[in-house]
Amino acid sequence: MSAPPQCAFIGLGAMGKNMAGHIANKLASMNYPPLLAYNRTQARTEELQKTHPIEIATSLEQVAKSADIIFSCILNDAAVQETIQTLLPHLKKGAILVESSTISPSLAKDLATQLSSRGAHYLAAPVMGPPDRAKSGDLTILMAGGDSVEIRQQVLPLLLNVIGKRVIELSYEDAAESLRLKLCGNFFITSMVEMIGEGMALGEAVGVGQDKVKELIDCVYPNSLLSLYATRMLNNTYRHYRAFPLSTAKKDVGHILHMAKEANAELPITQIFLEHANKAQEEQGDIDISGVVGCSREKAGLGFDL
């Protein structure tokens, strides 16, 4: 009987810390070795250790040499590329990297090739859902790559009903497929935020009031993301609660527009969102994406804040 795998987690940001915590608890319940956690700022791993059964890794080299399954959730393409390049020379043969960062499809494809050349496996597993859903273990997992059913079967029990309740399984051969789907998902989110912002500003400009627009949304689309973002816009919470910062949204929009250009698809609402996101970040700082409502308010002759 083979020994249980050593698992590791890299990247303890707003999403990663919650995902790592759930995985650590799951490993403990299975009597697996404690999760090996790494973050550039070690204080975050020390904070996680206070509440979850983890061991702290002090270097990426330690992670690569120790772990059979490595989960990661990192900020952007550059950080992911740098992390993988550091891991590659030290990876154990047959290691599985489960990458949940939102990166470009082309980078995901490249990483799959690089890991395969080292005898390792790459699973592109980005997630849909805000930090609150990561905290409650209610994310949607998009999974592509991994080469075989057997590889995924090693990983799925550590993700399904752990960090999320739903998995959309995609191509075994094309790891980039899950990133394409993730970018489609983020297209809907950014477009929806832009649409709500314009509608809220319209209601205020014509004298109905944003509060009544919000009430209408609650009646017609109860318990929906429309209601959630309308609430943030109505209450101006975008400055102190950043579930999806403008800088991160703009990074994802860049990937969305590049993907659309390659496919000859036009996304006019995404272009408008990007215009508003640029303006809002320049004038207000790196606030939550719900803050784009301020740009629509200003265009209607209103103040940025309600």
Side-chain angles (χ1 to χ4, degrees), residues 2-13 15-16 19-20 23 27 32-33 35-40 57 59-127 141-160 162-164 167-183 251 255 258-259:
S2 60
Q6 173 66 63
C7 298
F9 200 104
I10 300 170
L12 303 179
M15 297 291 289
M19 294 164 64
I23 293 172
L27 293 173
Y32 278 25
L35 180 71
L36 191 61
Y38 174 82
N39 193 73
R40 284 187 179 182
S59 70
L60 290 172
E61 181 177 344
Q62 179 188 353
V63 169
K65 289 181 175 181
S66 304
D68 303 291
I69 301 174
I70 303 172
F71 300 92
S72 61
C73 188
I74 309 172
L75 182 61
N76 55 37
D77 286 44
V80 170
Q81 183 74 285
E82 180 183 347
T83 299
I84 301 305
Q85 291 307 312
T86 304
L87 293 171
L88 272 175
H90 311 289
L91 283 174
K92 298 169 71 171
K93 186 173 178 60
I96 304 170
L97 177 66
V98 185
E99 174 57 64
S100 294
S101 313
T102 302
I103 56 176
S104 66
S106 60
L107 178 55
K109 188 173 183 179
D110 184 51
L111 293 177
T113 300
Q114 291 183 51
L115 267 76
S116 179
S117 70
R118 293 278 181 171
H121 307 277
Y122 179 76
L123 265 172
V127 294
I141 305 156
L142 317 178
M143 183 172 288
D147 307 322
S148 69
V149 174
E150 291 73 23
I151 295 298
R152 292 194 187 181
Q153 285 177 338
Q154 294 181 56
V155 172
L156 276 171
L158 305 176
L159 297 176
L160 184 59
V162 179
I163 69 165
V167 176
I168 299 177
E169 293 203 54
L170 299 147
S171 169
Y172 286 96
E173 295 78 23
D174 184 5
E177 196 167 289
S178 60
L179 274 307
R180 297 187 195 105
L181 184 59
K182 172 64 188 286
L183 294 176
K251 179 263 294 183
H255 292 324
H258 181 75
M259 182 174 73

Are Tyr122 and Thr113 close enough, and set up right, to give a side-chain contact (heavy atoms from CB on, under 4.5 Å), and what steps lead you there? CA-CA 8 Å; Tyr122 179 76; Thr113 300; over 6 Å; no
Decide side-chain contact (heavy atoms from CB on, under 4.5 Å) for Val127 and Ile163; before the verdict, give the C-alpha distance in whole Å, the side-chain angles of both, and the deciding distance to 0.1 Å. CA-CA 9 Å; Val127 294; Ile163 69 165; 4.1 Å; yes
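The CD atom of Gln81 lies 11.0 Å from the CG atom of Asn76; values are rounded to the nearest 0.5 Å. Atom CG in Leu97 sits 10.0 Å away from atom CZ in Phe71 (nearest 0.5 Å). With values rounded to the nearest 0.5 angstrom, Asp68 atom CG is found 13.5 Å from Lys93 atom NZ. Atom-to-atom distance recorded for Leu60:CG and Leu88:CG is 11.0 Å, nearest 0.5 angstrom. The CD1 atom of Ile141 sits 8.0 Å away from atom OG of Ser100, with the distance rounded to the nearest 0.5 Å. Annotation: the span from Leu91 atom CG to Lys65 atom NZ amounts to 11.5 Å, rounded to 0.5 Å.
A donor-acceptor contact shorter than 3.5 Å links the side chain of Thr83 to the backbone of Ala79. Arg152 places a side-chain N or O within 3.5 Å of a backbone atom of Gly145 that can act as its donor or acceptor partner. In this structure a side-chain-to-backbone donor-acceptor pair under 3.5 Å is missing from Ser72 to Glu99. Not a single donor-acceptor pair under 3.5 Å links the side chain of Asp77 to the backbone N or O of Ile103. Between the side chain of Lys92 and the backbone N or O of Ala67 there is no donor-acceptor pair closer than 3.5 Å.
Within the 4.5 Å cutoff, the side chain of Val155 has heavy atoms near those of the Ile96 side chain. Considering only heavy atoms from C-beta on, His255 stays 4.5 Å or farther from Met259 through its side chain. Annotation: side chain of Ser104 is not in contact with side chain of His258 (no heavy-atom distance under 4.5 Å). Using a 4.5 Å heavy-atom threshold, the side chains of His121 and Leu123 count as separate. Side-chain contact check for Leu115 versus Ile84: some heavy-atom pair is nearer than 4.5 Å. Between Ser178 and Met143, the closest side-chain pair of non-hydrogen atoms is not below 4.5 Å. Within the 4.5 Å cutoff, side-chain heavy atoms of Thr102 are placed close to those of Leu183.
Of all the heavy atoms in Val162 and Pro157, the pair that sits closest is CG2-O, 3.5 Å. Nearest heavy-atom pair across Thr86 and His90 is O-CD2, 3.4 Å. Shortest non-hydrogen contact noted between Tyr32 and Pro5 is CE2-CD, 3.5 Å. Annotation for Ser101 and Ile74: closest pair OG-N, 2.6 Å, computed over non-hydrogen atoms. The two residues Ala125 and Val98 have their closest heavy-atom pair at CB-CG1, 3.8 Å. A pairwise comparison of heavy atoms in Asp174 and Ala144 identifies O-CB, 3.5 Å as the closest pair.
No hydrogens or angles considered: nothing links the side chains of Glu150 and Gln154 as a donor-acceptor pair under 3.5 Å. When only modelled atom types and interatomic distance are considered, Gln114 and Asp110 share a side-chain donor-acceptor pair under 3.5 Å.
Around atom NZ of Lys251, more than 12 heavy atoms belonging to other residues, nucleotides or ligands sit under 6.0 Å away.
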